[in-house]
Amino acid sequence: MWDESGEQRVPHREWLIDFDQIVNEVKEEMKSRGRENEFIGAKIIYTTVRVIAPERMEWYTKDVIALKQEFPHIIAGFDIVGDENVALPLTDYLPQLLAFNEEVKTLGLDLPLLLHAGETLSDGGSPDNNMYDAILLGTKRIGHG
């Protein structure tokens, strides 16, 4: 996301500050109308795409962990999205995802993997095992499976 001038990227942390502020404003508005039970809140699944280099994935896993620590009420989980037929399979990210799971466990965070997998018509290609790999990695959700 870029700033109003279109010249500078807005850090993910600022997105979450804005998101939190808007959610709280909606909650207050609903409460003022006696409808506080109609909107509980909202969370974000932090996602990145399957086309990034595996070495770059570490930046995203560290970013989501830092954001979860600062905004535990907003971040629901971590996902990798994109067309499985043309993008990288989950196995290309195994070292980074295993390290992510270990760091989350060490820190005692509620930050599950919520992976997209199984959205393919491949027969014998690299996407075929994404569903199994997602389960073996401990995903709590299969997107589009």
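On a predicted model such as this, the values are computed, not experimentally measured, just so you know.
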For this session: Return the set of residues passing side-chain hydrogen bond (donor to acceptor under 3.5 Å, both in side chains) with R13 (not counting sequence neighbours), or none when no residue passes.
Result: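 Checked R13 against side-chain hydrogen bond (donor to acceptor under 3.5 Å, both in side chains); matches are E70.
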Within a reach of under 6.0 Å around [atom1] of [X], are more than 12 heavy atoms found that belong to other residues, nucleotides or ligands?
| X | atom1 | answer |
| --- | --- | --- |
| Y132 | OH | no |
| E36 | CD | yes |
| K105 | NZ | no |

In terms of hydrophobic clusters joined by side-chain contacts under 4.5 Å, are [X] and [Y] together?
| X | Y | answer |
| --- | --- | --- |
| F71 | V26 | yes |
| L113 | M57 | yes |
| V104 | I45 | no |
| L109 | L114 | no |

Would you compute the distance between atom [atom1] of [X] and atom [atom2] of [Y] and round it to the nearest 0.5 angstrom?
| X | Y | atom1 | atom2 | result |
| --- | --- | --- | --- | --- |
| L88 | R50 | CG | CZ | 8.5 Å |
| R56 | Q96 | CZ | CD | 12.0 Å |
| K27 | R35 | NZ | CZ | 15.5 Å |

Problem set entry | N85 side chain to P127 backbone, donor-acceptor under 3.5 Å |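 Checked: no pair found.
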Exercise. Is it true that a side-chain atom of D128 and a backbone atom of G124 form a donor plus acceptor pair closer than 3.5 Å?
Worked result: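 Confirmed, D128 side chain pairs with G124 backbone.
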Exercise. When F78 is tested against each of N101, D63, L97 for side chain to side chain contact (heavy atoms under 4.5 Å, CB included), which residue passes?
Worked result: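 Among the candidates, only L97 passes.
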Problem set entry | Residues H73 and D20: side-chain donor-acceptor under 3.5 angstrom |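 Result is yes, a qualifying pair exists.
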For this session: Please work out which of the three classes, parallel, tilted or perpendicular, describes the rings of Y60 and Y46, given edges at 30° and 60°.
Result: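 Y46 vs Y60 ring planes: perpendicular.
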Exercise. side-chain hydrogen bond (donor to acceptor under 3.5 Å, both in side chains): which pairs involve residues 134-143, sequence neighbours left out?
Worked result: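 The answer is none; no pair qualifies.
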Problem set entry | Connected-component partners of M131 among ILVMFWY, side-chain separation under 4.5 Å |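 For the cluster that includes M131, the remaining residues are I135, I142.
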